Amino acid sequence: MSGEQELGITESKEHATGEWYAELVQKAKLADYAPMGGFIVTRPRGYAIWERLQNHLDGWFKETGVQNAYFPMFIPESYLEKEKDIVEGFDPEVAWVTKGGYDELEEQLAVRPTSESIITPFLAQWTRSHRDLPIRVNQWCSVVRWEATETKPFFRTKEFLWQEGHTAHHDAEDAWAEMATRLDQYERLYEDVLAMPVLSGRKPEHDKFPGAHTTMSVEALMPDGKSVQGGTSHYLGTSFAEAYDVTYIDEDEEERTAHTTSWGLSWRALGALFMTHSDDQGLVLPPALADPQVAIVPIWDDESKDDVLEYAEDVAEDLEDAGVRVELDDREHRNPGFKYNEWELYGVPLRIEIGSYEVEDDEVTLVHRPDGKEVTEERDGVIETVEEHLDTVFAKLYASAEETLEGEIREAESREEILGTIGQHGGYVKCGWCGDEDCEEPIKDAIAAEIVMVPKDRDEEPIHDECAICGDDAEETAYFAKTY
RNA sequence: GGGACCGUGGGGUAGCUUGGUAUCCUUGCGGCCUUGGGUGCCGUUGACCUCGGUUCAAAUCCGAGCGGUCCCA
C-alpha cells in the first residue's frame, strides 16, 4: 500500500522470518514458484550464485582426485531394491515413471532420490584390481524426493540441485579419510566462501543415511535459532559394495570388498546463505558469489555529466581489467537513490559513488552493503582499494554470522531444561544422551527439536554422566536444535 | 500428521458482510523532464486461482480441488 516501499522488502526479517524470506527470494529475483506445488524456477540471478558456488567446490574436488560424470536420472526398480536400507529409507518419497508414451513399462523407473543404486554398480564394473582404486566420481544434478511438505525455495522443494560424490576405496581407513576430506571441503565452502561459521559432527544412529555406517554433516545456525544441515558425507562401509558387488583383487591375489563413501551438498546451502546474511533491505552476498561485486553509481547534473561518466567508465574499466565483476549503472531516468536501493536489494557487496565531488578531488566514495558504511578513497590504486574493501565486507559478514552462533550452544541436564532452553533461546543445546532414539521423542513431540549431531569421535566422553532424558548412563553428547 | 489464514493486472491492494459497470498505488511500455537515498508530468498495456453448484446475474454465496504463508506435531 504505502507506495514507495513496494519495490523493496516490506516484511521484517526479525518479526516475520517466513514471509520475509519468501519476499526476499522473489524481489531479489532469485526464484519463482513453479505451477506445480513443491517446485521452483531458479532465475538467472539465483542460478548464477549456484554456479559460482559450484565452481569453488568443483575446483576443490578436482584438486583432490574427483572426476565428474553423469548418470541417468531414472533408476530401474530392481537396482533400487538391491540395497534394502535405501529402499526402506526412500520408498515413501520416490517418484515413479510407469509409462513411456502410451505403453506401460515392463519395469517401472524411479526418479533418482539419490544415485548410489545406479552409480555403485558401475563402480563395481570399473573396479577389477587394487590398482583401480580409489575411484571417485561426482555428478552435479537434480534429485527428486516427493515429500508432502510446504515449499520453501532452496530449503524445501521436491526437486533440488546438488552434487553427489561416490567413491570406492581399498579399506575402511581410506574410505573414512575420504569422508573426512569432503566434510572439510564443505566446511571450507561455508567458512571461506559463504562467510558462515558451521559446526560439524556425526548424525546419531537413527538419523544416518539409509545403509550408511557413519554420516557426518555440517550444521549452520540461522538467525531465528534453527539449524540447517548444510552438507553430508557418508562412510558407507561395505554394505553398498556388498549389495552391488564392488570387489577387487588385491596384491595377494585375494578378492576383497571395497569400502565406499558418498557425499552431497545441495542448493540448501544457498537458502542458508540468503537467510543468514540478508536483511530488511534485501539480499546480502559475500563477494566471492556476488555478480556484480561492485556497482558504480554515477551522480551527475547537466554540467558535470560528461566528466562524471568518463571518470566512472575509466574506473569501471580498470576494475574489470583486474577481474572484478563490476557494473556501471548509467541508466537515465533513475536517480541515484533508486539505484542504491536496487543494488542493495540484489545484494551487491560494494557500491562506488562517483559524482562531481569525486571527479574534482580524484577520489571515489565506497559504501559497504552490509552496514552502509561510507568511505572516500583515492582514485589511484582503486583496484587494490576495492579488493581490500571486498575483503572487509567478507570479514563483516563472517563476524556477524559468528555472532549469531556465539553463545548459542548451551547445556542442559534434564528434559525440562532442554525444552526451556530451546524454547526460550533456540540454538543448540548439548546434553548427555544414552543413545536411544526414544529419548529424542519427548523433545521432538514437545517442541519439534531433534538431535542434529553428536561429536565426530565415538570415544569422546559425554559432557554429563547421565542421559538428560531417561537418567541412564550417558553414552555420548547430543546436540539438540530445531531444524529447517 | 493436525489447525489457522490467504488467493483480484508483473508486484501491492479496494470491492465480498448486503450478488449487477472492478478501485487505487506501483512496475512495464511510449513521450517529456534529469540525478548526492526509491523525481515529476502526459499517454498506454495489463487481473477476479481452477472446476462444479445456487441465481436472470457470481470476484462476491456454497462445495471440491490446486497453490501459498503461518502455527502446532
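Predicted model, so just to flag it, every value in this text is computed and none were measured. In the text below, chain A, chain B and the rest are named by the order of the sequence lines, each starting its count at 1.
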> A:W140: which residues meet the ring-ring contact (aromatic ring centres under 6.0 Å, His included) condition with it, sequence neighbours left out?
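Listed in chain order: A:W50.
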> Distance-only criterion, 3.5 Å: show the donor-acceptor pairs between side-chain atoms of residues 346-363 of chain A and protein atoms not counting sequence neighbours.
residue	atom	partner	partner atom	Å
A:Y346	OH	A:K29	NZ	3.2
A:R351	NE	A:E353	OE2	3.1
A:R351	NH1	A:E344	OE2	2.8
A:R351	NH2	A:E353	OE2	3.0
A:E353	OE1	A:Y340	OH	3.4
A:E358	OE1	A:G355	N	2.8
A:E358	OE2	A:T365	OG1	2.5

> Between the base of B:G37 and the side chain of A:N341, is one N or O donor paired with an acceptor at under 3.5 angstrom?
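A donor-acceptor contact between them is present.
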> Do any pairs count as a ring-ring contact (aromatic ring centres under 6.0 Å, His included) and have a residue in residues 388-423 of chain A, sequence neighbours left out, and if so which ones?
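Qualifying pairs, neighbours excluded: A:H368-A:H389.
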> Output the single nucleotide from B:G37, B:G38, B:A73 whose closest atom is nearest the side chain of A:E342.
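The answer is B:G38.
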> In whole Å, what separates the P atom of B:C51 from that of B:G67?
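Each nucleotide's P atom is 16 Å from the other's.
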> What is the distance, rounded to the nearest whole Å, between atom CG of A:D301 and atom P of B:G36?
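Computing the A:D301:CG to B:G36:P distance gives 9 Å.
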> Taking the P atom of each, how far is B:G65 from B:G3, in whole Å?
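Roughly 13 Å separates the two P atoms.
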> Starting at CD1 of A:I299 and ending at P of B:G36, how long is that distance when rounded to a whole Å?
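One finds 8 Å between P of B:G36 and CD1 of A:I299, rounded.
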> Taking the P atom of each, how far is B:A58 from B:G19, in whole Å?
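The same atom, P, in both gives a distance of 13 Å.
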> What is the distance, to the nearest angstrom, from the NE2 atom on A:H15 to the C1' atom on B:C70?
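Answer to the nearest Å: 16 Å.
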> Rounded to the nearest Å, what distance is computed from the CD atom of residue A:E23 to the P atom of nucleotide B:U27?
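For the pair A:E23 CD and B:U27 P, the rounded distance is 16 Å.
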> Which one, B:G28, B:A73, B:G37, comes nearest to the side chain of A:A448?
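The closest nucleotide is B:A73.
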> Please tabulate, for the side chains in residues 465-484 of chain A, all donor-acceptor contacts under 3.5 angstrom to protein atoms that are two or more places apart in sequence or on a different chain.
residue	atom	partner	partner atom	Å
A:E476	OE1	A:R202	NH2	3.0
A:T477	OG1	A:I463	N	3.0
A:Y484	OH	A:D224	OD2	2.5

> Side chain to side chain donor-acceptor pair (under 3.5 Å) with A:E81: which residues, sequence neighbours excluded?
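For A:E81 there are no side chain to side chain donor-acceptor pair (under 3.5 Å) partners, ignoring immediate neighbours.
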> My understanding is that a pair needs two contacts under 3.5 Å, Watson-Crick or G-U wobble. By that rule, which nucleotide pairs with B:C51?
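For B:C51, the partner nucleotide comes out as B:G63, under the 3.5 Å rule.
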> Under 4.0 Å between any heavy atoms, over every strand shown, what does A:A446 touch: base, sugar-phosphate, or nothing? Just pick one.
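A:A446: backbone/sugar contact only, no base atoms under 4.0 Å.
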> Counting only Watson-Crick or G-U wobble pairs whose two distances fall under 3.5 Å, which nucleotide matches B:G28?
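Per the H-bond distance test, B:U44.
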> Tell me: CD1 of A:I40 to P of B:U69, nearest whole Å?
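To the nearest whole Å, that distance equals 11 Å.
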> Under 4.0 Å, counting only non-hydrogen atoms across every strand here, what does A:Q26 touch: a base, just sugar-phosphate, or nothing?
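Contact class for A:Q26: none.
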> List in chain and number order the residues that pass ring-ring contact (aromatic ring centres under 6.0 Å, His included) with A:F74, two or more places apart in sequence or in another chain; answer none if no residue qualifies.
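If we apply the ring-ring contact (aromatic ring centres under 6.0 Å, His included) test to A:F74, skipping adjacent residues, there are no hits.
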> Between the base of B:G37 and the side chain of A:E344, is there a donor-acceptor distance below 3.5 Å?
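When only heavy-atom distances are counted, A:E344 does reach the base of B:G37 through a donor-acceptor pair under 3.5 Å.
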> Name the closest nucleotide to the A:Q281 side chain, picking from B:G37, B:U39, B:U34.
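Ranking B:G37, B:U39, B:U34 by closest atom to the A:Q281 side chain puts B:G37 first.
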> Using the C1' atom as the reference point in each nucleotide, state the distance between B:U23 and B:G68 in Å, no decimals.
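Nearest-Å result for B:U23 against B:G68 at atom C1': 25 Å.
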> CD of A:E441: more than 12 outside heavy atoms within 6.0 angstrom?
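Enclosed: over 12 neighbouring heavy atoms sit under 6.0 Å from CD of A:E441.
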> With sequence neighbours excluded, what pairs up with A:Y21 under the ring-ring contact (aromatic ring centres under 6.0 Å, His included) test?
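ring-ring contact (aromatic ring centres under 6.0 Å, His included) check on A:Y21 returns A:F155.
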> Hunt down the Watson-Crick or G-U wobble partner of B:C5, both distances under 3.5 Å, from any strand shown, or write none.
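When the pairing criteria are applied, B:G68 turns out to be the nucleotide that pairs with B:C5.
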> Any salt bridge between A:K305 and A:D330, counting N to O under 4.0 Å?
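Result for this pair is no, no salt bridge flagged.
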> What is the separation between atom NZ on A:K29 and atom P on B:G11, rounded to the nearest whole Å?
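After rounding, the gap between these two atoms is 13 Å.
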> Taking the side chain of A:Y340 as its heavy atoms from C-beta onward, which of B:U39, B:G36, B:G28 lies nearest to it?
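Comparing B:U39, B:G36, B:G28 against the side chain of A:Y340, the answer is B:G36.
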> Determine, using ring centers only, whether A:F154 and A:W162 are less than 6.0 Å apart.
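Between A:W162 and A:F154, the centre distance exceeds or equals 6.0 Å.
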> Would you classify A:E303 as touching base, sugar-phosphate or nothing, given that sugar-phosphate means primed atoms plus P, OP1 and OP2, and contacts are heavy atoms under 4.0 Å?
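A:E303: no heavy atom of the nucleic acid under 4.0 Å.
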> Taking only nitrogen or oxygen atoms into account, show me every contact under 3.5 Å that the protein makes with nucleotides 3-10 of chain B, one pair per line with its distance.
none

> Can I get a per-line list of side-chain donor-acceptor pairs under 3.5 Å for residues 416-434 of chain A, giving both atom names and the distance, sequence neighbours left out?
residue	atom	partner	partner atom	Å
A:E417	OE1	A:E413	N	3.0
A:T421	OG1	A:E417	O	2.6
A:Y428	OH	A:S227	OG	2.8
A:W433	NE1	A:D436	O	3.1

> 5'-most contact on RNA chain B: A:I447 or A:E332, nearest heavy atom basis?
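Going by which nucleotide is closer to the 5' end, it is A:E332.
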> Below 3.5 Å is the cut-off: list the nitrogen or oxygen pairs between protein and nucleotides 64-68 of chain B, distance only.
residue	atom	partner	partner atom	Å
B:G67	OP1	A:G37	N	3.4
B:G68	OP1	A:G38	N	3.4
B:G68	OP1	A:T151	OG1	2.8
B:G68	O3'	A:Y33	OH	3.4

> Where along residues 349-360 of chain A does a heavy atom come under 4.0 Å from RNA chain B, residue by residue in number order?
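Heavy-atom cutoff 4.0 Å gives A:R351, A:E353, A:G355, A:S356, A:Y357, A:E358.
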> Using whole Å, report how far CH2 of A:W343 lies from P of B:G38.
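Rounded to the whole Å, the gap is 18 Å.
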> Could you list the residues that satisfy side chain to side chain donor-acceptor pair (under 3.5 Å) with A:E440, not counting sequence neighbours?
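Testing A:E440 for side chain to side chain donor-acceptor pair (under 3.5 Å), a comparison that skips the adjacent residues, returns A:H206.
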> Please state whether the rings of A:F240 and A:F209 are parallel, tilted or perpendicular, taking 30° and 60° as the class boundaries.
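Ring orientation of A:F240 relative to A:F209: parallel.
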> Considering heavy-atom distances to RNA chain B, does A:K444 or A:V367 have its closest nucleotide positioned more toward the 5' end?
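The residue whose closest nucleotide sits nearer the 5' end is A:V367.
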> Please check if any side-chain donor atom of A:S200 sits under 3.5 Å from a side-chain acceptor atom of A:K456, or the reverse.
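Their side chains do contain a donor-acceptor pair, which is all the 3.5 Å distance test asks for.
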> Give a yes or no on whether a salt bridge exists between A:D314 and A:R379, defined as a side-chain N under 4.0 angstrom from a carboxylate O.
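Salt bridge present between A:D314 and A:R379.
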> How far does the P atom of B:C6 sit from the matching atom of B:A14, given to the nearest Å?
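It comes out at 11 Å once rounded to the nearest Å.
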> Just how far, in rounded Å, is C1' of B:U34 from CG of A:L309?
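Interatomic distance, CG of A:L309 to C1' of B:U34: 13 Å.
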> C1' atom, B:C66 versus B:U26: distance in rounded Å?
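My reading of the C1' atoms in B:C66 and B:U26 gives 29 Å.
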> In whole Å, measure the gap between the P atoms of B:U60 and B:G9 for me.
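Comparing P positions in B:U60 and B:G9 gives a spacing of 14 Å.
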> Using a cut-off of 4.0 Å on non-hydrogen atoms, how would the nucleic acid contact of A:K152 be classed: base, sugar-phosphate, or nothing?
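Sugar-phosphate, no base atom in range.
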> If we take the C1' atom in both B:G52 and B:G43, what is their distance in whole Å?
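Rounded to whole Å, the distance is 42 Å.
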> Is B:U39 paired to anything, Watson-Crick or G-U wobble with both distances less than 3.5 Å, and if yes, which nucleotide?
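Result: none.
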> Does A:D445 reach a base, just sugar-phosphate, or nothing at all? Heavy atoms under 4.0 Å.
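Here A:D445 touches the backbone only, sparing every base.
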